[in-house]
**Q** 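Got a structure for you, written out below as structure tokens; questions coming shortly.
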Amino acid sequence: MVERIPLEVLFGNPERTSPRLSPDGERLAYLRPVDGVLNVWVGSVTADDARPVTADVERGIRAYGWAHDNRHLFYVQDLNGDENWHLYTIDLVNGDVARGEVVDRTPFDGAQARLAGRSRRKPHELLVEVNADDRRFHDVYRLDLASGTLDKVLANPGFDEWL
């Protein structure tokens with residue numbers, strides 16, 4: 001008799017995945033399930049003190065990263081598979097991480113956001129692509145993580161993708 005691999009092993013969530021070291025090397029973030037749903041966990045590199053900093057209960061978080069300020073994490077997620085990705089942030093210093101308090105930085109209905117870039121030279125900013133004005137093209141916005149302002153810095157003249 002052939003032993004079969006259980007479906008949960010093939011298609012279930014990993015115990016831990018996608019580790020990301022903070023830019024200062026002090027903290028480690030990774031994806032790990034909370035009640036069966038992938039969430040972002042953060043802890044110090046030198047201790048076993050990781051805890052979840054997001055509280056998703058639906059689809060789980062798949063893509064995330066650190067801002068260069070060592071203070072903010074960001075992730076993208078859509079709603080029920082609609083592929084209208086929003087960019088969310090969590091402030092690990094002032095945010096209520098115990099409640100999984102996150103901020104939707106691209107609250108445009110029917111639009112899709114994606115990270116365009118980040119820089120060590122401007123650690124408190126992210127560049128974000130959003131197709132809020134024309135669903136065919138993503139414009140570039142500057143997100144100031146401290147104030148939360150999102151300003152358009154470049155309108156897309158008709159390119160499918162930015163490099």
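Predicted model, so just to flag it, every value in this text is computed and none were measured.
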**Q** If you define the side chain from C-beta out and look only at heavy atoms, does anything of V40 sit under 4.5 Å from L73?
**A** yes
**Q** With rounding to the nearest 0.5 angstrom, report the OG1 to CZ distance, T17 to R32.
**A** 12.5 Å
**Q** Between N131 and D134 (side chain of the first, backbone of the second, donor and acceptor by atom type, cut-off under 3.5 Å), is there such a pair?
**A** no
**Q** When you look at Y30 and V42, which way does the side-chain contact (heavy atoms from CB on, under 4.5 Å) test go after all the steps?
**A** CA-CA 7 Å; Y30 54 87; V42 175; over 6 Å; no
**Q** What about V34 and I90, same hydrophobic cluster or not, with Ile/Leu/Val/Met/Phe/Trp/Tyr joined at side-chain heavy-atom distances under 4.5 Å?
**A** yes
**Q** Calculate, to the nearest 0.5 Å, the distance between atoms CG and CZ belonging to D69 and R118 respectively.
**A** 11.0 Å
**Q** Do you see a donor-acceptor pair shorter than 3.5 Å between the side chains of H86 and D104?
**A** yes
**Q** About how many Å separate NE2 of H68 and NZ of K122, when rounded to the nearest 0.5 Å?
**A** 13.5 Å
**Q** Using only atom types and a distance under 3.5 Å, with no angle test, would you say the side chain of Q77 pairs donor to acceptor with the backbone of G60?
**A** yes
**Q** Taking D151 for the side chain and R142 for the main chain, is one N or O donor matched with an acceptor at less than 3.5 Å?
**A** no
**Q** Does a side chain donor of either R105 or T89 reach within less than 3.5 Å of an acceptor in the other side chain?
**A** yes
**Q** Taking the side chain as C-beta and beyond, is there a heavy-atom pair between T149 and Y141 under 4.5 Å?
**A** no
**Q** Distance-only, no hydrogens or angles: does the W41 side chain make a donor-acceptor pair with backbone N or O of L31 under 3.5 Å?
**A** no
**Q** What about F108 and L143, same hydrophobic cluster or not, with Ile/Leu/Val/Met/Phe/Trp/Tyr joined at side-chain heavy-atom distances under 4.5 Å?
**A** yes
**Q** Is NZ or CZ of R20 both nearer than 6.0 Å to the six-membered ring centre of Y64 and within 45° of the ring axis?
**A** yes
**Q** Please indicate whether D35 has more than 12 foreign heavy atoms, meaning atoms of other residues, nucleotides or ligands, lying under 6.0 Å from its CG.
**A** no
**Q** Please report the interatomic distance CZ(F74) to CG(L145), rounded to the nearest 0.5 Å.
**A** 9.5 Å
**Q** Taking the side chain from T106 and the backbone from L87, do they hold a donor-acceptor pair closer than 3.5 Å?
**A** yes
**Q** Spell out, yes or no, whether V130 and L127 are grouped together once hydrophobic residues are joined by side-chain heavy atoms under 4.5 Å, including indirect joins.
**A** no
**Q** State whether the side chain of R135 and the backbone N or O of G110 hold a donor-acceptor pair below 3.5 Å, judged by distance alone.
**A** yes
**Q** Under 3.5 Å, side chain of N156 to main-chain N/O of D139, donor-acceptor pair present?
**A** no
**Q** Do D160 and R136 pass the salt bridge (charged side-chain N to carboxylate O under 4.0 Å, His left out) test, and can you show the C-alpha distance, the side-chain angles, and the key distance before you say yes or no?
**A** CA-CA 8 Å; D160 290 336; R136 299 173 301 164; over 6 Å; no
**Q** Report the C-alpha distance between V103 and Y88 in whole Å, list the side-chain angles of each, state the deciding distance to 0.1 Å, and finish with yes or no for side-chain contact (heavy atoms from CB on, under 4.5 Å).
**A** CA-CA 5 Å; V103 179; Y88 297 89; over 6 Å; no
**Q** Side-chain heavy atoms nearer than 4.5 Å, only ILVMFWY residues, links allowed to pass through others: does that put L38 and V76 together?
**A** no
**Q** Could you give me the CA-CA distance, side-chain angles and deciding distance for R114 and H138, then say whether side-chain contact (heavy atoms from CB on, under 4.5 Å) is met?
**A** CA-CA 9 Å; R114 54 192 181 207; H138 288 76; 3.1 Å; yes
**Q** Is there a donor-acceptor pair under 3.5 Å between the side chain of D49 and the backbone N or O of S44?
**A** yes
**Q** Just by distance, do the side chain of R27 and the backbone of N70 share a donor-acceptor pair under 3.5 Å?
**A** yes
**Q** Closest heavy-atom contact between V128 and A113?
**A** CG1-CB, 4.1 Å
**Q** Tell me, do D133 and K152 make a side-chain contact under 4.5 Å, heavy atoms counted?
**A** yes
**Q** With rounding to the nearest 0.5 Å, note down the distance linking CZ in R16 to CG in L28.
**A** 9.5 Å
**Q** Go through the steps for R59 and D78 under the test side-chain contact (heavy atoms from CB on, under 4.5 Å), then give the verdict.
**A** CA-CA 9 Å; R59 296 176 41 100; D78 67 347; 3.3 Å; yes
**Q** Ignoring hydrogens, what is the shortest heavy-atom contact between A132 and A111? Give both atom names and the distance.
**A** CA-CB, 3.8 Å
**Q** Any luck finding a side-chain donor-acceptor pair between T54 and N39 under 3.5 Å?
**A** yes
**Q** For a quick test of reading the model, state the closest non-hydrogen atom pair linking L126 to A67 and the distance between them.
**A** CD2-CB, 4.4 Å
